[in-house]
Amino acid sequence: MRLILIGPPGAGKGTQAKALVDRFGIPQISTGDMLREHKAKGTALGVKAAEFMNRGALVPDEVVIGMVEERLQSDAAKAGFLFDGFPRTVAQAQALDATLARLGLKLDAVVLIEVSDELLVERISGRRTDKATGQIYHIKYNPPPPGADLVQRADDKEEVVKERLVAYHAQTAPLVPYYAARGILRRVDGVGELAEVTARLLAAVSPGTVGSVAGPPHGVPPAK
Ligand code: ADP
Ligand code: ADP
């Protein structure tokens, strides 16, 4: 299974990625997590990426594409993968298409998790991550166990979140018509209980659905 999860910041990609990788036994490739690791280790790539991440802007395409290509060479990814937060621009999607074609691989589905901007701000401001396990919690919707060692992401501050939403609508939303035109886009309503959203996602990518259902009409503009 080769899947892509797209959606605005805070839509629930990281949370739901865990359920999908468990279900299909495929590795999760989160460019956000990879970039945060580079940042934490202080690598040259991490130092460069931080300039952009800290102000809510996308990291330049060539940096992210190089990092992903390296990852796709590993055997683990050949058995399948779930991209979470990549691609985020049309240029990244085109680079991924070229890499997959070279490796003789095809995407099964691109799943868009849809959530309105108003709800996203609330989700992001309550997001906390367990330092040791990377588990994602929400102070209200998915409360952490007592005593968990939690961190709040530096870019989850309200001013930075606004910039990330602007970047999403300007640079990432064009991927919706891009993949709809290829007939592999699946839209999933991201509002509801965590388990309910998981069930919708699994239904959207179940083998009976993938490849047999036509995507939305070509050229449908992304929801604003
Ligand atoms: P979220 O989906 O909550 O916005 P991510 O963890 O996916 O968070 O991304 C955090 C930040 O990392 C982004 O705001 C951006 O700066 C950078 N980033 C992650 N993935 C990409 C990508 N594919 N292209 C460019 N920048 C990226
Ligand atoms: P993304 O990776 O798309 O940025 P996350 O998976 O980190 O999003 O989720 C953002 C925040 O919203 C987290 O605090 C998470 O616990 C919470 N969350 C995720 N899914 C739901 C949901 N269905 N209902 C309420 N809160 C949710």
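This chain uses plain numbering: 1 for the first residue, then up along the sequence. We count ligands from 1, going down the list as the structure has it; atoms in each ligand are counted the same way.
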Side-chain polar contacts of residues 193-203 - donor-acceptor pairs under 3.5 angstrom, sequence neighbours left out - could you list them?
from, atom 1, to, atom 2, distance (Å)
Glu196, OE2, Arg200, NH2, 2.8
Thr198, OG1, Gln16, OE1, 2.6
Thr198, OG1, Leu194, O, 2.9
Arg200, NH1, Asp189, O, 2.5
Arg200, NH1, Val191, O, 3.0
Arg200, NH2, Val191, O, 3.4

Practice item. Kindly indicate whether the side chain of Met67, heavy atoms from C-beta on, has any atom under 4.5 Å from the side chain of Leu45. Key: yes
Check your understanding: Got a sec, which residues hit side-chain contact (heavy atoms from CB on, under 4.5 Å) with Arg128, two or more places apart in sequence or on another chain?
Key -> Ile139, Leu150, Gln152
Check your understanding: Does an N or O from Gln16, backbone or side chain, lie closer than 3.5 Å to an N or O of ligand 2?
Key -> no
Check your understanding: Is any NZ, NE, NH1 or NH2 atom of the basic residue among Asp84 and Lys13 found under 4.0 Å from an Asp or Glu carboxylate oxygen of the other?
Key -> no
Check your understanding: Of all the atoms in ligand 2, which lie at a distance below 4.0 Å from a heavy atom belonging to Thr15?
Key -> 5 (P), 6 (O), 9 (O), 15 (C), 19 (C)
Practice item. Any atoms of ligand 2 less than 4.0 Å from a non-hydrogen atom of Tyr141? List them with their elements. Key: 25 (C), 26 (N)
Practice item. Going by the side-chain hydrogen bond (donor to acceptor under 3.5 Å, both in side chains) test, name the single residue among Arg127, Arg123, Glu122 that passes it with Tyr141. Key: Glu122
Exercise for review: Anything with a heavy atom under 4.0 Å from ligand 1 counts, so go ahead and list those protein residues by chain and number.
Suggested key: Pro9, Gly10, Lys13, Thr31, Gly32, Leu35, Arg36, Met53, Ala57, Leu58, Val59, Val64, Gly85, Phe86, Arg88, Gln92, Arg127, Arg153, Asp155, Arg164
Review point. Quick one: does Arg128 get an N or O within less than 3.5 Å of an N or O on ligand 2?
Key: no
Check your understanding: Has the side chain of Asn54 got a donor or acceptor atom that lies under 3.5 Å from a matching backbone atom of Ala50?
Key -> yes
Study note, to complete from the structure: With sequence neighbours left out, the residues meeting salt bridge (charged side-chain N to carboxylate O under 4.0 Å, His left out) with Glu163 are none
**Study point:** Minimum side-chain heavy-atom gap Phe24-Leu3 below 4.5 Å
**Key:** yes
